[in-house]
Amino acid sequence: MKKEGFKLSNKQLKKIVNIMVIIFAIFFVVRSFIFDTDEERYNSSLRNIKEEKFQGIVIDKAFEKYNHNASMIYLNNETKFAVFGQFWSRIKIGDSIVKKEGETFFRVYRNNEKIILDTKEILDTWKK
């Protein structure tokens with residue numbers, strides 16, 4: 001009796017590859033939601049905040065519906081940035097804002113007043 005090898009048709013091979021890709025994608029999605037620790041999320045958020053830098057005069061405030069309803073601040077130099085809801089009411093149109101790279105806080109200047117808004121304080125509540 002002649003021994004025959006195991007062969008897959010192109011159609012079967014494509015199905016197997018598609019299933020493997022789907023399993024691989026599901027693994028990464030699940031990993032990011034289940035296995036990421038609060039500390040990893042905290043550190044990632046802190047790193048992103050420290051990388052930001054901007055300065056300008058506030059010309060508008062709005063919620064971006066297409067961006068998960070993020071609370072956005074728009075500056076006169078076409079810069080925009082998201083703020084935590086806790087800061088939303090503290091920033092007014094006409095305020096000057098400065099955020100330097102490497103810092104977690106930004107300064108809001110209004111008339112003769114200087115307000116410091118520190119995003120790290122809000123991030124720290126995530127650790128509790």
Side-chain angles (χ1 to χ4, degrees):
M1 185 194 259
K2 188 175 178 185
K3 197 174 187 181
E4 291 187 27
F6 180 73
K7 290 188 178 184
L8 293 173
S9 69
N10 282 341
K11 191 174 181 179
Q12 290 171 321
L13 189 57
K14 284 181 184 180
K15 281 183 181 181
I16 291 171
V17 169
N18 285 336
I19 290 170
M20 289 175 62
V21 167
I22 290 169
I23 290 171
F24 190 70
I26 289 171
F27 170 76
F28 276 104
V29 169
V30 169
R31 185 220 174 269
S32 68
F33 285 107
I34 294 176
F35 297 112
D36 279 353
T37 65
D38 288 339
E39 186 163 347
E40 287 172 339
R41 286 184 211 158
Y42 172 87
N43 289 333
S44 174
S45 297
L46 189 60
R47 189 172 40 256
N48 290 339
I49 288 168
K50 285 183 175 183
E51 289 173 359
E52 282 186 313
K53 65 178 179 179
F54 48 82
Q55 72 177 42
I57 298 171
V58 177
I59 59 169
D60 197 12
K61 296 168 46 173
F63 296 100
E64 288 189 347
K65 292 184 193 257
Y66 62 87
N67 188 14
H68 307 287
N69 221 21
S71 48
M72 302 298 292
I73 303 294
Y74 300 88
L75 303 179
N76 62 328
N77 56 10
E78 298 184 16
T79 300
K80 70 177 183 177
F81 63 95
V83 293
F84 288 113
Q86 294 90 325
F87 296 155
W88 181 255
S89 64
R90 300 192 63 195
I91 299 171
K92 308 286 183 207
I93 293 176
D95 289 351
S96 295
I97 295 186
V98 177
K99 161 70 174 74
K100 295 180 181 177
E101 188 172 2
E103 297 177 340
T104 61
F105 59 91
F106 55 94
R107 298 163 191 87
V108 178
Y109 298 95
R110 180 182 314 133
N111 301 325
N112 292 328
E113 182 181 9
K114 175 179 162 183
I115 304 165
I116 306 270
L117 301 175
D118 194 351
T119 54
K120 187 173 182 309
E121 290 175 3
I122 295 170
L123 287 181
D124 287 345
T125 64
W126 295 4
K127 291 175 120 180
K128 296 177 183 174

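- Rounding to the nearest 0.5 Å gives a distance of 11.5 Å between CD1 of Ile93 and OH of Tyr74.
- Scanning for salt bridge (Lys or Arg N to Asp or Glu O under 4.0 Å) contacts around Arg107 gives Glu103, with sequence neighbours left out.
- Listed by first then second residue, pairs satisfying salt bridge (Lys or Arg N to Asp or Glu O under 4.0 Å) with a partner in residues 12-30 number zero, not counting sequence neighbours.
- The 12-atom threshold is exceeded at CD of Glu101, counting heavy atoms of other residues, nucleotides or ligands nearer than 6.0 Å.
- Here Lys50 pairs with nothing under the salt bridge (Lys or Arg N to Asp or Glu O under 4.0 Å) rule; sequence neighbours left out.
- Applying the side chain to side chain contact (heavy atoms under 4.5 Å, CB included) rule to Asn112 yields no partners; only residues at least two apart in sequence or on another chain are considered.
- Using a 4.5 Å cut-off between side-chain heavy atoms of Ile, Leu, Val, Met, Phe, Trp and Tyr, Ile19 falls into a hydrophobic cluster with Ile23.
- Val21 and Ile16 fall into different hydrophobic clusters, where Ile, Leu, Val, Met, Phe, Trp and Tyr are joined by side-chain heavy atoms under 4.5 Å apart, directly or via other members.
- At distances below 3.5 Å, at least one donor-acceptor pair connects side-chain atoms of Thr119 with backbone N or O atoms of Thr104.
- By the side-chain hydrogen bond (donor to acceptor under 3.5 Å, both in side chains) test, Asn69 is found to be paired with no residue, residues two or more places apart in sequence or in another chain being considered.
- Judged as a side-chain hydrogen bond (donor to acceptor under 3.5 Å, both in side chains), and not counting sequence neighbours, the contacts of Asn67 are Glu64.
- Arg110 meets the side-chain hydrogen bond (donor to acceptor under 3.5 Å, both in side chains) test with Asp95; sequence neighbours excluded.
- Remark: Lys11 NZ is loosely packed, at most 12 non-hydrogen atoms of other residues, nucleotides or ligands lying under 6.0 Å away.
- Every residue was checked against the side-chain hydrogen bond (donor to acceptor under 3.5 Å, both in side chains) condition with Lys114, not counting sequence neighbours, and none meets it.
- Both Phe106 and Leu46 are members of a single hydrophobic cluster when ILVMFWY side chains are connected at heavy-atom separations under 4.5 Å.
- Residues Ile91 and Ile115 share a single hydrophobic cluster, defined by chaining ILVMFWY side chains whose heavy atoms lie under 4.5 Å apart.
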Determine all donor-acceptor pairs shorter than 3.5 Å in which one atom belongs to a side chain in residues 52-60; sequence neighbours excluded.
none

Could you please spell out the steps behind the side-chain contact (heavy atoms from CB on, under 4.5 Å) verdict for Leu123 and Ile49?
-> CA-CA 10 Å; Leu123 287 181; Ile49 288 168; 3.6 Å; yes
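- Partners of Phe24 according to the ring-ring contact (aromatic ring centres under 6.0 Å, His included) rule, which considers only residues two or more places apart in sequence or in another chain, are Phe28.
- Checked against Phe105 for a side chain to side chain contact (heavy atoms under 4.5 Å, CB included), the options Leu117, Val98, Ile116 give a single hit: Ile116.
- The ring-ring contact (aromatic ring centres under 6.0 Å, His included) test applied to Phe63 returns Trp88, not counting sequence neighbours.
- Checking side-chain atoms of Asp118 against main-chain N and O of Lys120 turns up a donor-acceptor pair under 3.5 Å.
- Here the side chains of Phe87 and Val108 are not in contact, with every heavy-atom distance at 4.5 Å or above.
- Nearest heavy atoms, Ser71 versus Gly85: OG-N, 4.4 Å.
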